[in-house]
Amino acid sequence: MRQQAVITRQVAPADTWFSVGTIDGQRTERLDQVAAVLAHAAVTEVTDDIRSAKWMKLIANIPEMLPSGLLGVPLLEAAHMPGIRPVMDAMSREAYALAIDLGITMLPSLGIAAEDVPDSDQYSLDLLDRVLSHFSKPDTRVAVLQDWEKGRRAELDAFSGYVVATSAARGKRAPVNEAILRLAERVEQGELVPSPENAPQLVAALYA
């Protein structure tokens with residue numbers, strides 16, 4: 001028998017951001033309708049560069065999802081484990097480098113103002129800092145870990161998998177993301193379980 005879902009929201013609407021737009025940047029009536037609906041749940045902006053806006057989200061997600069999932073702990077705990085933040089930062093920098101290579105524009109995001117967006121990969125680290133300081137509670141568990149805990153496969157291809165595959169298609173590599181992705185694939189193959197004991201293998205990814 002089906003039951004109603006229960007959603008636990010950890011961030012208030014006033015502190016949540018949505019960015020919506022069309023692929024070609026056109027402002028349409030339908031787009032305005034979508035923005036109006038979403039405005040009930042979050043601060044919503046209409047952008048003429050949705051591709052770049054989506055990349056801001058991806059760059060913020062890259063250092064969170066797989067490392068925290070592999071360690072089997074909430075995000076804040078994972079980020080403060082010895083040796084893990086440098087791994088997260090390296091993954092962020094690889095994602096930033098790919099975005100720049102693809103011609104992505106670094107946009108203000110997650111409450112970071114336009115004047116505070118640096119012209120360097122420091123911005124990828126700033127995004128993670130913002131997530132940790134403003135959008136993470138002590139018990140916040142990333143989507144990848146929640147999927148694994150429910151016995152589901154996670155969206156590996158949408159996170160580090162995308163960075164690795166897209167880099168390869170351009171004749172380049174994202175070695176830290178690739179090493180972390182391989183560990184995540186081992187979880188889904190039943191060879192590894194999410195645990196803080198995986199920390200040394202994550203740290204080793206820096207030397208991949």
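These numbers come from the heavy atoms of this one structure, side chains and all, not from hydrogens, waters or symmetry mates. Treat the numbers as computed from the prediction; the structure is a model and nothing was measured.
Linking Ile, Leu, Val, Met, Phe, Trp and Tyr whenever their side-chain heavy atoms come within less than 4.5 Å puts Leu206 and Val164 in one cluster. Under the 4.5 Å side-chain contact rule for hydrophobic residues, Tyr207 and Val87 share a cluster. Val203 and Ile62 fall within a single hydrophobic cluster, where Ile, Leu, Val, Met, Phe, Trp and Tyr side chains are chained together by heavy-atom contacts under 4.5 Å. Leu125 is not connected to Met65 by any chain of hydrophobic side-chain contacts under 4.5 Å among Ile, Leu, Val, Met, Phe, Trp and Tyr, and they are in different clusters.
Looking at Thr105, Asp49, Leu102, Ile50 one by one, the single match for side chain to side chain contact (heavy atoms under 4.5 Å, CB included) with Trp55 turns out to be Leu102. For the side chain to side chain contact (heavy atoms under 4.5 Å, CB included) test with Tyr123, the passing option among Ile112, Ile59, Leu107 is Ile112; the others fail.
Among all heavy-atom pairs drawn from Pro118 and Tyr96, the shortest one is O-OH, 4.5 Å. When all heavy atoms of Asn177 and Ser160 are compared, the pair lying nearest together is OD1-OG, 2.8 Å. Scanning all heavy atoms of the two residues, the minimum distance from Ile100 to Met106 falls at CD1-CE, 4.0 Å. Of all heavy-atom pairs between Arg141 and Gly72, the closest is NH2-O, 3.6 Å. Scanning both residues, Met81 and Ala199, for their nearest heavy atoms gives CE-CB, 4.0 Å. Of all the heavy atoms in Ser68 and Leu145, the pair that sits closest is O-CD2, 4.3 Å.
Within 6.0 Å of CD on Glu149 lie more than 12 heavy atoms contributed by other residues, nucleotides or ligands. Counting heavy atoms of neighbouring residues, nucleotides and ligands inside a 6.0 Å radius, atom CD of Glu155 does not exceed 12 of them. In the displayed structure, Gln4 atom CD is contacted under 6.0 Å by at most 12 heavy atoms of other residues, nucleotides or ligands. Within a 6.0 Å sphere centred on CZ of Arg152, heavy atoms belonging to other residues, nucleotides or ligands number more than 12.
Put simply, the side chain of Val37 does not reach to within 4.5 Å of the side chain of Gln33, judged on heavy atoms. Looking at Leu98 and Lys172, their side chains never come closer than 4.5 Å, going by heavy atoms from C-beta outward. Contact annotation: the side chain of Met88 approaches that of Leu75 to within less than 4.5 Å [non-hydrogen atoms, C-beta and beyond]. For the pair Glu64 and Val144, the minimum side-chain heavy-atom distance is 4.5 Å or more. Using a 4.5 Å cut-off on side-chain heavy atoms (C-beta onward), Thr47 and Val20 make no contact. In this structure, the side chains of Phe18 and Val43 stay at 4.5 Å or more apart for every pair of heavy atoms. No side-chain heavy atom of Val142 sits less than 4.5 Å from a side-chain heavy atom of Trp148. Two residues are said to be in side-chain contact when any heavy atoms from C-beta on lie closer than 4.5 Å; His134 and Leu110 fail this criterion.
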Next item on the list: Apply side-chain contact (heavy atoms from CB on, under 4.5 Å) to Ser19 and Glu45, showing your working.
Entry: CA-CA 5 Å; Ser19 185; Glu45 65 175 15; 3.4 Å; yes
Check: Should Leu192 and Gln201 be marked as a side-chain contact (heavy atoms from CB on, under 4.5 Å) after you check the CA-CA gap, both sets of side-chain angles, and the distance that decides it?
Finding: CA-CA 11 Å; Leu192 199 67; Gln201 295 186 71; 3.9 Å; yes
Next item on the list: Kindly indicate, with the supporting measurements, whether the criterion side-chain contact (heavy atoms from CB on, under 4.5 Å) is fulfilled by Ser109 and Leu127.
Entry: CA-CA 8 Å; Ser109 185; Leu127 287 173; 4.2 Å; yes
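Ion pairing of Asp89 with Arg85 is present here, as a side-chain N (NZ or NE/NH1/NH2) and a carboxylate O approach within less than 4.0 Å.
One distance of note links CD1 of Ile84 with CG of Asn198; it measures 9.5 Å at 0.5 Å rounding. Annotation: the span from Leu31 atom CG to Arg27 atom CZ amounts to 6.0 Å, rounded to 0.5 Å. Expressed to the nearest 0.5 Å, how far CZ of Arg182 lies from CD of Glu191 amounts to 12.5 Å. The distance from the OG atom of Ser136 to the CZ atom of Arg130 is 11.5 Å, given to the nearest 0.5 Å. Between atom CG of residue Leu58 and atom CZ of residue Phe159 there is a gap of 8.0 Å, rounded to the nearest 0.5 Å.
For the pair Glu94 (side chain) and Val163 (backbone), a donor-acceptor distance under 3.5 Å is absent.
There is a side-chain donor-acceptor pair under 3.5 Å between Thr22 and Asp24.
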